[in-house]
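Written below as structure tokens is the structure these notes are about.
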Amino acid sequence: MKEFRSDISGFYKLSMDERQKLLSELINLTQDEIEILNTLGYFKPNQIDTLIENVIGSFQLPFGLAFNFKINNKDYIIPMVIEEPSVVAAASNAARFARKHGGFMSENVQSVMISQIQITQLQDIEYAKKKILDNKDRILKIANEQDPLVNELGGGAIDLEIRELNTRKGKMLILHLLVNVLDAMGANIVNTMAESVSPLIEEITEGKIYLRILSNLATHRIARSKATFDKDLLGGEDVVEGIINAYEFALADPYRATTHNKGIMNGIVALTLATGNDTRAIESGAHAFASLSGKYSPLTKFELDSKGNLVGEIEVPLALGIIGGMTKIHPMARLALKILNVKSASELSQVGAALGLAQNVAALRALASEGIQKGHMALHSRNIAKIAGVPDELIEKVAKKMVEKKKIRVDYAREILKKINDGENL
Ligand code: MEV
């Protein structure tokens, strides 16, 4: 064994085998662990090695399907990648409650991203603003020269927004370059464009530019979806009343709104991951949007229709692409897009919004009735039984017993197993 130190340089230059060997010298990997590292699934070693740096293996997660979704009168089966039990089943359930009333209506989502250019050290802010506006066509032209293909397909830089910020380093002008990125998530396109226009902007404003980067708060790329969830399928008036109360709770309390929105993101992030999109971009955008009013708020809204059914709406920025990034490189992401059968980034975002809404309704319904733990515990108990070494054919039996006794623990699973093996009647 080598001395354990983290200052290892040149790790990236090694082959995957060599990296594993080096790691093994540091933490003594077993043969089983090395085998796990070498289980790359559908990835070839040279493929996975190019995706990020210092790769030693791949990390697998379950890939499940949510059913019953009808969105804008089209049926969808939604792939989800998530480690949490109950989420996929919950989404499918809520979609069934909405299906009875025609399913989800989602609005078209413009694929317009914001690229921010930070202009500092300006002598005359008004002069700089005027210069930018006077040169708007030139700026857009330079931006559009960066990606002729996007232009040809009808996208590209379309507009500018100028914002004035008071900072501790004085006044800054923040120029937003608005770019229609069509079916891409768009980060690469807009970042390239922002960098390309910066020299001209520095020249005309006589300022100094530092940052040139997209904003993940994609307020020009908002997905909206609405659905009516059947009162009886939800569990009756009292459950619906509970959901409305849960919504009011979230509206009034950021502590609750955070968890409320986490439930929404269970669905949206699972779809984001399944389709090879950037989950961090989606998360940060959603949470920033939730606090745009100055108070962190729920991303959904609820009311009752005249018959007492639950009408839910969601509004969330969703910068999801169907081309670029991992979407076409990752074999499972490609498959996810095939299952989804979406023809555009807008359509994918429409699905994402509907899924987020369904996920939220399902969570609130469970919380307002039997509580969330029942469903969770049934699945959790199977995992615990497995960890306890219960053989496959007895897992169901042991798990059921643990749930019944409300004791979901490895030691208890072993105790039950022992009783079964000793021939005790349970
Ligand atoms: C758990 O992953 C998500 C919930 O906490 C969401 C919520 O509380 O609304 C159940």
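All ligand and atom numbering here is 1-based and tracks the order in the structure.
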What residue and atom, counting heavy atoms only, is the protein's closest point to [atom], and at what distance?
atom	result
atom 10 (C) of ligand 1	I372 CD1, 3.6 Å
atom 3 (C) of ligand 1	N266 ND2, 3.6 Å
atom 6 (C) of ligand 1	T259 O, 3.4 Å

Give the atoms of ligand 1, by number and element, whose distance to some non-hydrogen atom of [X] is under 4.0 Å.
X	answer
R256	7 (C), 8 (O), 9 (O)
K262	1 (C), 2 (O)
E84	1 (C), 2 (O)

Problem set entry | Rounded distance [0.5 Å steps], NZ in K231 versus NZ in K307 |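 Here the interatomic distance stands at 9.5 Å.
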Exercise. For atom CD of E161, is the number of surrounding heavy atoms from other residues, nucleotides or ligands below 6.0 Å larger than 12?
Worked result: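 Atom CD in E161 is packed in, count exceeds 12.
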Exercise. Hey, is CD on Q110 packed in by over 12 heavy atoms from elsewhere, all under 6.0 Å?
Worked result: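 No, because the 6.0 Å sphere around CD of Q110 holds 12 heavy atoms or fewer from other groups.
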Exercise. Would one find an N or O of H260, backbone or side chain, under 3.5 Å from an N or O of ligand 1?
Worked result: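 N/O-N/O distance below 3.5 Å does not exist for this pair.
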Select one of side chain, backbone, both or neither to describe which atoms of [X] lie under 4.0 Å from any atom of ligand 1, heavy atoms only.
X	value
R365	neither
L367	side chain
N360	neither

Problem set entry | Those residues that, when tested against Y42, pass ring-ring contact (aromatic ring centres under 6.0 Å, His included) (two or more places apart) |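 With neighbours one apart ignored, the set is H330.
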Exercise. Does some side-chain heavy atom of N216 sit less than 4.5 Å from a side-chain heavy atom of D278?
Worked result: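 Counting from C-beta outward, D278 and N216 never come under 4.5 Å.
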For this session: Go through the steps to decide whether I282 and L318 satisfy the test side-chain contact (heavy atoms from CB on, under 4.5 Å), and finish with yes or no.
Result: CA-CA 6 Å; I282 295 295; L318 286 185; 3.9 Å; yes
Exercise. Are the charged groups of K21 and E18 less than 4.0 angstrom apart, N to O?
Worked result: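 Result for this pair is no, no salt bridge flagged.
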